[in-house]
Amino acid sequence: MFCRGAFNFFERHVIMAEYNSLEQVRLQKITELRAAGVEPYPTRAERTHTAAQAIAEFEAAEKTAGPGNPPAEIKAILTGRIRATRAMGKLSFAHIEDVTGKIQLFLRINELGQERVSFFDKYYDIGDFVQASGVLMRTRTGEITLHVHDYALLAKAVSPLPASKDVTQEDGSVIRYAALEGAELRARQRYADLAVNPDVRETFRKRARIISVLRRFLDEHDFLEVETPILQPLYGGAAARPFTTYHNQLKQQLYLRISFELYLKRLLVGNLERVYEIGRDFRNEGVSFKHNPEFTQLEFYWAYADYLKVMELTEQMVSTACHAVNGTYKIVYQGQDIDFTPPWKRLEMRQGIMDVTGIDIHAHPDAESLLATMRAKGYNPPHMATRGKLIDYLVGEYLEPTLIQPTFLYDYPRDISPLAKSKPGDPLTVERFEGYVAGFELCNAFTELNDPLDQEQRFIEMGRDYTAEDEELNLMDEDYLRAMRYGMPPNGGFGMGVDRLTMLLTDKHSIREVLLFPHLRSDEAGGSETRE
RNA sequence: GGGCGCGUAGCUCAAUGGCAGAGCAUCGGCCUUUUAAGCCGUUGGUUGAGAGUUCGAGCCUCUCCGCGCUCACCA
C-alpha cells in the first residue's frame with residue numbers, strides 16, 4: 001500500500017522481461033551481433049533510390065538499351081524492412097519493403113563470400129530494417145532485383161512482425177497467408193498492422209488525401225481556416241453529452257467541445273465572412289461501428305449564403321474529394337453502387353416521409369395529432385415529447401435507410417433545430433438539410449439563425465425540453481448571444497463527419513478502419529487482477 | 001447499459017467431455033536464379049482470467065476482462 005508507485009514500477013519491469021521464445025532468440029542475436037562488432041541500431045543510414053525509383057530507373061535503362069541488349073549498369077543503395085527471406089546456402093533472396101513498395105535482394109557468395117551470405121541468413125530476420133548496396137538486375141524469372149555487393153543492419157526487430165505472405169495468382173489476384181486479420185489486434189497494434197498490411201497504409205493515405213482536398217477546396221473558395229477552443233467553459237452547437245475536465249489553477253470546470261459551431265459563427269460577427277475548421281470533436285456517448293468518442297469534423301460558415309447555396313457547394317466539394325481519391329464519381333460502398341456526380345437528389349422531408357409512410361407532417365402541427373396518426377397507421381415510437389422528435393423517428397426508421405444515392409433531405413422541424421433559421425411563412429419548419437449517402441447521415445447544414453432575440457427564445461425553449469436532472473445541459477450561451485447582438489450577417493453553415501466521408505470513399509464498414517488509433521478499452525490482461 | 005456470438009502457439013486456424021494439433025514464422029541440416037522456394041528434422045501452449053460440476057474440462061455452469069454483431073443512446 002505504501003510506495004505504490006515503486007510497486008508498479010517493479011511490476012512493469014517484470015512484464016517487460018516476459019519475452020517469448022522467438023524474441024529471446026532475437027535478443028541473443030543482438031548480443032552476438034554486438035560481439036561481432038555489428039551495431040544493431042546504427043545512427044545513420046544511406047539511400048540512393050526508393051524501391052519504386054530503382055525499378056523505374058532499371059526499366060527505363062532497359063528501354064534505352066533496346067530488346068536483347070544489356071541495360072546500362074545502375075548502382076543503388078536501398079533501405080527497407082525485410083518481409084521475406086529465402087536462403088539457399090550459397091545464394092540468398094530476400095524481399096525488402098519501403099514506403100514505395102517491395103523489391104528483391106539477391107545475395108551470392110561470388111560477390112560477398114560464403115561467410116557474409118551465411119551471416120545474413122543467420123542474423124537477419126523478417127522485420128529488420130536493412131540497407132543494401134549493389135547493382136540492379138533481372139533474375140531468370142524476370143523480377144527486377146538488387147544484386148547485393150554489401151549490406152548493413154539499420155535496426156533489429158526484437159518482436160517478429162506478424163508473418164504474412166502473399167502469392168500472386170496467374171490472374172493477378174493476391175492470396176495472403178496468415179495475414180494479421182484480427183480487427184482488435186490490428187487496431188491495438190496499428191503499427192504492426194500498417195507494417196504488414198499495405199492496403200491499410202493505402203486507406204490512411206486516402207484519408208490524408210481527402211482532408212487535403214477538402215482544405216484546398218475551401219481555401220480556393222476564399223474560406224479562411226481557423227482554430228477555435230477545444231477546451232470550452234460551455235459546450236454547444238449540438239445535442240450530445242460532453243467530456244468534462246478541470247483546470248487546476250483556474251479552479252474551473254471545462255468541457256471538451258462537441259461542435260465548433262458557436263465559435264465559428266462568432267467569427268462571422270467579426271466580419272471574417274467565410275471561415276472553416278477541420279478538427280476533433282468529442283462526444284461522451286456510445287461507441288459503435290460508426291461512433292468514436294473523438295472524431296474529425298469539418299464545419300464552415302458562409303456569409304450571405306443560404307442552405308441552397310450550401311447544398312451546391314457541398315455536392316461540389318464531396319464529389320471533388322471522391323474524384324481525387326478514386327479517380328471517378330462512381331464508387332461501390334459495401335456492395336452498393338453510389339454515384340456522387342452532381343447535382344444530387346433533393347428531397348423535401350415532408351415529401352420523403354409521405355412517400356414511405358403516407359403521413360403528411362404538415363397536417364399535424366402538434367405532437368398529439370401526429371402521434372395519434374402514427375399510432376393509427378401502426379407506428380409505435382418510443383416515448384417522445386415533441387413533434388420534432390416524432391418526425392425524427394419516422395425519418396430515422398423509415399426514410400434514412402432508403403436514401404442510398406447522395407440525397408439532400410431538406411426542411412426540418414423547428415423544434416429539433418435550435419440554431420437554424422425559420423422558413424419564411426412556415427413557423428414549424430427551418431431551412432436545414434442533411435446529406436445522406438448509403439443510408440446514413442454524412443452532413444448537416446442550415447441557413448443559420450442570426451436573430452439574437454429569436455436565438456434567445458430558442459435556447460429557452462430548448463431548455464424546457466430537458467428535465468431538471470439534466471443539470472449539465474446549459475444551452476444558454478450568453479456570450480454567443482452578445483456576439484449576435486452586434487449583428488451577424490445572414491449565412492449558411494455546414495458540418496460533416498470526415499471519418500464517415502472517409503468510410504464511404506474507402507469502402508470501410510467500420511469507423512475503426514479509418515482511424516489510426518480508435519478508442520478501445522484497456523487491454524491489460526486478466527480482469528480479476530485489476531485493483532482499485 | 002441490454003441481447004446474441006467469439007477469445008486455442010508469434011500470425012491464420014483445427015480439435016464428440018478422454019494424450020492440445022496443422023500451415024506459416026522460429027531453430028538445425030542439405031541446396032548457386034528463388035519468390036507461400038523445396039526436402040529432412042526441431043522447437044514452441046497458464047486454451048483470455050478466476051471459480052465450479054466431473055474419474056476426467058479447450059469443450060458444460062457461474063463471475064470477471066476484452067472483441068464482434070445488434071438494440072438503446074447519439075443532430
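Bear in mind the structure is a predicted one, so any value in this text is a computation, not a measurement.
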Any cation-pi pair here, Arg190(A) with Phe517(A), using under 6.0 Å and within 45°? no
Aromatic plane relationship, Tyr398(A) with Tyr379(A) - under 30° parallel, 30 to 60° tilted, over 60° perpendicular: perpendicular
Which label fits His147(A) and Phe106(A): parallel for a plane angle under 30°, tilted from 30 to 60°, or perpendicular past 60°? tilted
Measuring from the side chain of [X] (C-beta onward, heavy atoms only), which nucleotide among [options] has the closest atom?
| X | options | answer |
| --- | --- | --- |
| Arg188(A) | C67(B), A75(B), U34(B) | C67(B) |
| Asp125(A) | A25(B), C27(B), U33(B) | C27(B) |
| Leu520(A) | C67(B), A25(B), U33(B) | C67(B) |
| Leu22(A) | G66(B), G10(B), C11(B) | G10(B) |
| Glu434(A) | A75(B), C74(B), A37(B) | A75(B) |
| Ser21(A) | C67(B), G44(B), C27(B) | G44(B) |
| Ile126(A) | A25(B), U34(B), A75(B) | A25(B) |
| Glu397(A) | C31(B), A72(B), C67(B) | A72(B) |
| Glu184(A) | U32(B), G66(B), C11(B) | G66(B) |

Would you mind telling me which residue lines up with the more 5' stretch of RNA chain B, Asp121(A) or Gly89(A), judged by nearest nucleotide? Asp121(A)
First of His519(A) and Glu285(A) reached from the 5' end of RNA chain B, by closest nucleotide: His519(A)
Determine the contact category for [X]: base if any of its heavy atoms lies under 4.0 Å from a base atom, sugar-phosphate if only primed atoms, P, OP1 or OP2 are that close, otherwise nothing.
| X | value |
| --- | --- |
| Ala187(A) | nothing |
| Phe106(A) | base |
| Asp392(A) | nothing |
| Asn20(A) | sugar-phosphate |
| Pro418(A) | base |
| Lys122(A) | sugar-phosphate |
| Ile109(A) | base |
| Met137(A) | base |

Please report the distance separating the [atom1] of [N] from the corresponding atom of [M], rounded so that it comes out in whole Å.
| N | M | atom1 | result |
| --- | --- | --- | --- |
| U43(B) | U26(B) | C1' | 8 Å |
| C64(B) | A57(B) | P | 24 Å |
| A25(B) | A37(B) | P | 7 Å |
| A22(B) | G45(B) | C1' | 15 Å |
| C24(B) | G56(B) | P | 38 Å |
| C6(B) | U61(B) | P | 11 Å |
| G23(B) | U34(B) | P | 25 Å |
| U42(B) | G3(B) | P | 49 Å |

Who is the Watson-Crick or G-U wobble partner of [N], with both distances under 3.5 Å?
| N | answer |
| --- | --- |
| A51(B) | U61(B) |
| C67(B) | G5(B) |
| C24(B) | G10(B) |
| C31(B) | none |
| A15(B) | none |

Rounded to the Å, how far apart are [X] [atom1] and [N] [atom2]?
| X | N | atom1 | atom2 | value |
| --- | --- | --- | --- | --- |
| Tyr123(A) | C27(B) | OH | P | 11 Å |
| His147(A) | U34(B) | NE2 | C1' | 13 Å |
| Leu27(A) | U26(B) | CG | P | 16 Å |
| Arg26(A) | A25(B) | CZ | P | 12 Å |
| Gln189(A) | G66(B) | CD | C1' | 14 Å |
| His291(A) | A72(B) | NE2 | C1' | 11 Å |
| Phe289(A) | C71(B) | CZ | C1' | 12 Å |
| Ile511(A) | C69(B) | CD1 | P | 12 Å |

Please state whether the base of [N] and the side chain of [X] form at least one donor-acceptor pair under 3.5 Å?
| X | N | value |
| --- | --- | --- |
| Thr139(A) | U34(B) | yes |
| Glu143(A) | U34(B) | no |
| Arg140(A) | U33(B) | no |

Could you check whether [X] pairs with [Y] (Lys NZ or Arg NE/NH1/NH2 to Asp/Glu carboxylate O, under 4.0 Å)?
| X | Y | answer |
| --- | --- | --- |
| Lys29(A) | Asp125(A) | yes |
| Glu277(A) | Arg257(A) | yes |
| Asp415(A) | Lys389(A) | no |
| Glu294(A) | Arg283(A) | no |

After noting the C-alpha distance and the side-chain angles of Phe295(A) and Phe282(A), does the key distance pass the ring pair (Phe, Tyr, Trp, His ring centres under 6.0 Å) rule? CA-CA 7 Å; Phe295(A) 61 98; Phe282(A) 305 85; 8.4 Å; no
Just to verify, which of Val310(A), Leu409(A), Asp411(A), Leu347(A) counts as forming a side-chain contact (heavy atoms from CB on, under 4.5 Å) with Phe433(A)? Val310(A)
Within the structure, does a side-chain N or O atom of Arg86(A) lie under 4.0 Å from either OP1 or OP2 of A37(B)? yes
Does A75(B) have its OP1 or OP2 closer than 4.0 Å to a side-chain nitrogen or oxygen of Lys389(A)? no
